Number of protein chains: 2
Amino acid sequence: MIQSTPVATGVTTPVDVCTVAPPAHPRPDGQDRYTISEVAAWTGLSAHTLRWYERIGLMPHVDRSHTGQRRFTNRDLDWLVFVGKLRLTGMPVAAMVRYAELVRAGESTFEERRELLETTRRDVLARIAELNGTLAVLDHKIGFYGSRPPAAD
Amino acid sequence: MIQSTPVATGVTTPVDVCTVAPPAHPRPDGQDRYTISEVAAWTGLSAHTLRWYERIGLMPHVDRSHTGQRRFTNRDLDWLVFVGKLRLTGMPVAAMVRYAELVRAGESTFEERRELLETTRRDVLARIAELNGTLAVLDHKIGFYGSRPPAAD
DNA sequence: CGCTTGCTTGGAGTGCACTCCAAGGTTCTA
DNA sequence: TAGAACCTTGGAGTGCACTCCAAGCAAGCG
């Protein structure tokens with residue numbers, strides 16, 4: 001299952017990574033220079049995965065300390081939160097990389113970005129419909145096995 | 001994406017594979033002895049996948065012709081339709097195999113089967129909630145890119 | 001200063017769900 | 001009855017999304 005990897009618990013501010021400089025929301029320790037393990041803990045992704053995201057172009061190039069260690073900014077955190085959402089949609093990594101490329105390419109790609117997101121949106125709606133279809137079957141069968149699905153949820 | 005593999009288009013009868021002999025619904029050519037390629041065409045699964053399902057125990061053992069070729073019955077078709085639904089829920093194959101084992105084990109496993117399906121149901125609800133969450137983000141961002149999401153759907 | 005813990009890299013490995021292959025036997029149509 | 005099309009098997013290969021490894025610097029504390 002693609003389901004819930006615990007992405008970024010504890011965020012309360014509405015996120016707004018949209019391409020062009022959103023006002024950065026100060027994060028946990030407010031330094032704007034987080035190590036990879038801090039970011040890993042904060043996002044729920046592994047450090048491995050964060051490096052991998054950078055390698056495949058899913059992260060804009062991350063700042064480095066004078067000795068070459070990664071220092072993530074609040075902006076990077078915002079981006080990762082958004083990427084986490086895209087991942088939850090079921091969007092393949094290749095498409096997320098494409099989106100990241102468009103973001104790097106600047107404003108001229110607004111239209112294509114919108115299209116990509118709208119395609120994703122349609123996919124999500126289709127998937128929800130599909131899941132609702134399976135719910136019907138599941139409920140039918142659960143009824144068959146002698147108990148109603150729990151009323152609450 | 002796990003999404004829509006075209007599973008069994010053209011089914012109109014409500015399916016009811018539930019374990020204990022449901023009245024078989026006559027299928028397309030009404031012979032009750034379909035070759036693997038007929039079943040592949042009918043379910044949208046590949047012949048490879050059908051053989052693989054049998055190998056891993058996701059299919060009850062399929063009838064054979066006197067020379068050893070598979071001959072699927074309407075019952076098998078019903079089962080495959082149901083398995084297709086389970087697959088759409090995002091249930092891992094291993095869990096579907098577990099369910100198939102329980103079915104083979106007989107009535108004493110009703111309770112465990114019900115639990116398995118209810119767990120799956122909860123997973124589906126959670127996934128739908130997750131997807132609705134992504135829709136909110138998607139819509140926000142699509143609005144950001146200068147056009148509202150299409151009104152219809 | 002030394003020590004532990006953390007970070008770096010390229011490349012290899014993992015798990016899932018298929019997907020395909022080769023070599024040969026079977027079935028159907030003309 | 002020939003030939004095309006289809007079926008069989010075990011095992012190997014594929015694509016995706018990570019996940020881990022080894023060898024070697026870097027950072028922070030007493």
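Because the structure is predicted, anything quoted here is derived from the model rather than measured. Within every chain, numbering begins at 1; the chains are lettered A, B, ... in the order of the sequence lines, protein sequences first and strands thereafter.
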*Asks:* At under 4.0 Å, does any side-chain N or O of A:Thr67 touch on OP1 or OP2 of D:dA27?
*Replies:* yes

*Asks:* Below 3.5 Å between N/O atoms, which protein atoms pair up with nucleotides 1-4 of chain C? Just atom names and distances, please.
*Replies:*
none

*Asks:* Counting heavy atoms from C-beta on, name the nucleotide in C:dC18, D:dA17, C:dT26 closest to the side chain of B:Arg87.
*Replies:* C:dC18

*Asks:* In whole angstrom, what separates A:Phe72's CZ from C:dC7's P?
*Replies:* 10 Å

*Asks:* Hey, can you tell me if A:Phe144 and A:His140 have their rings parallel, tilted or perpendicular (30° and 60° cut-offs)?
*Replies:* parallel

*Asks:* Could you list by number each residue of residues 47-65 of chain A showing a heavy-atom separation from DNA chain C of less than 4.0 Å, or answer none if no residue does?
*Replies:* A:Arg51, A:Arg55, A:Arg64

*Asks:* With heavy-atom distances below 4.5 Å as the criterion, would you say the side chains of A:Met91 and A:Leu116 are in contact?
*Replies:* yes

*Asks:* What pairs of donor and acceptor atoms, side-chain ones from residues 57-64 of chain B against any protein atom, are under 3.5 angstrom apart with sequence neighbours left out?
*Replies:*
from    : atom 1 : to      : atom 2 : distance (Å)
B:Arg64 : NH1    : B:Gly68 : O      : 2.9
B:Arg64 : NH2    : B:Glu54 : OE2    : 3.3

*Asks:* Measure from CD on B:Gln69 to P on C:dG24 and round the result to the nearest Å.
*Replies:* 18 Å

*Asks:* Would B:Val81 and B:Thr43 count as a side chain to side chain contact (heavy atoms under 4.5 Å, CB included) if you check the C-alpha gap in whole Å, the side-chain angles of each, and the deciding distance to 0.1 Å?
*Replies:* CA-CA 7 Å; B:Val81 168; B:Thr43 58; 5.9 Å; no

*Asks:* Considering only side-chain heavy atoms of A:Arg70, which listed nucleotide, C:dG6, C:dT27, C:dT9, is closest?
*Replies:* C:dT9

*Asks:* For the pair B:Tyr99 and B:Trp79, name the ring-plane relationship: parallel under 30°, tilted 30 to 60°, perpendicular over 60°.
*Replies:* parallel

*Asks:* Among all residues two or more places apart in sequence or in another chain, which pass the side-chain hydrogen bond (donor to acceptor under 3.5 Å, both in side chains) test with A:Thr67?
*Replies:* A:Ser65

*Asks:* Heavy atoms, side chains only, cut-off 4.5 Å: are A:Ile128 and B:Leu135 in contact?
*Replies:* yes

*Asks:* Is A:Ser46 touching bases, backbone alone, or none of the nucleic acid, heavy atoms closer than 4.0 Å?
*Replies:* nothing

*Asks:* Who are the side-chain contact (heavy atoms from CB on, under 4.5 Å) partners of A:Ser37, not counting sequence neighbours?
*Replies:* A:Thr35

*Asks:* Without decimals, in angstroms, what is the distance between A:Met91 CE and D:dC16 C1'?
*Replies:* 16 Å

*Asks:* How long is the line joining CD1 of B:Ile36 and C1' of D:dC6, in whole Å?
*Replies:* 11 Å

*Asks:* Would you mind telling me which residue lines up with the more 5' stretch of DNA chain D, B:Ser37 or A:His66, judged by nearest nucleotide?
*Replies:* B:Ser37

*Asks:* Quick one: list whatever passes salt bridge (Lys or Arg N to Asp or Glu O under 4.0 Å) with A:Arg98, sequence neighbours left out.
*Replies:* A:Glu101, A:Glu112

*Asks:* Could you tell me how far apart B:Leu86 (CG) and C:dA17 (C1') are, to the nearest whole angstrom?
*Replies:* 16 Å

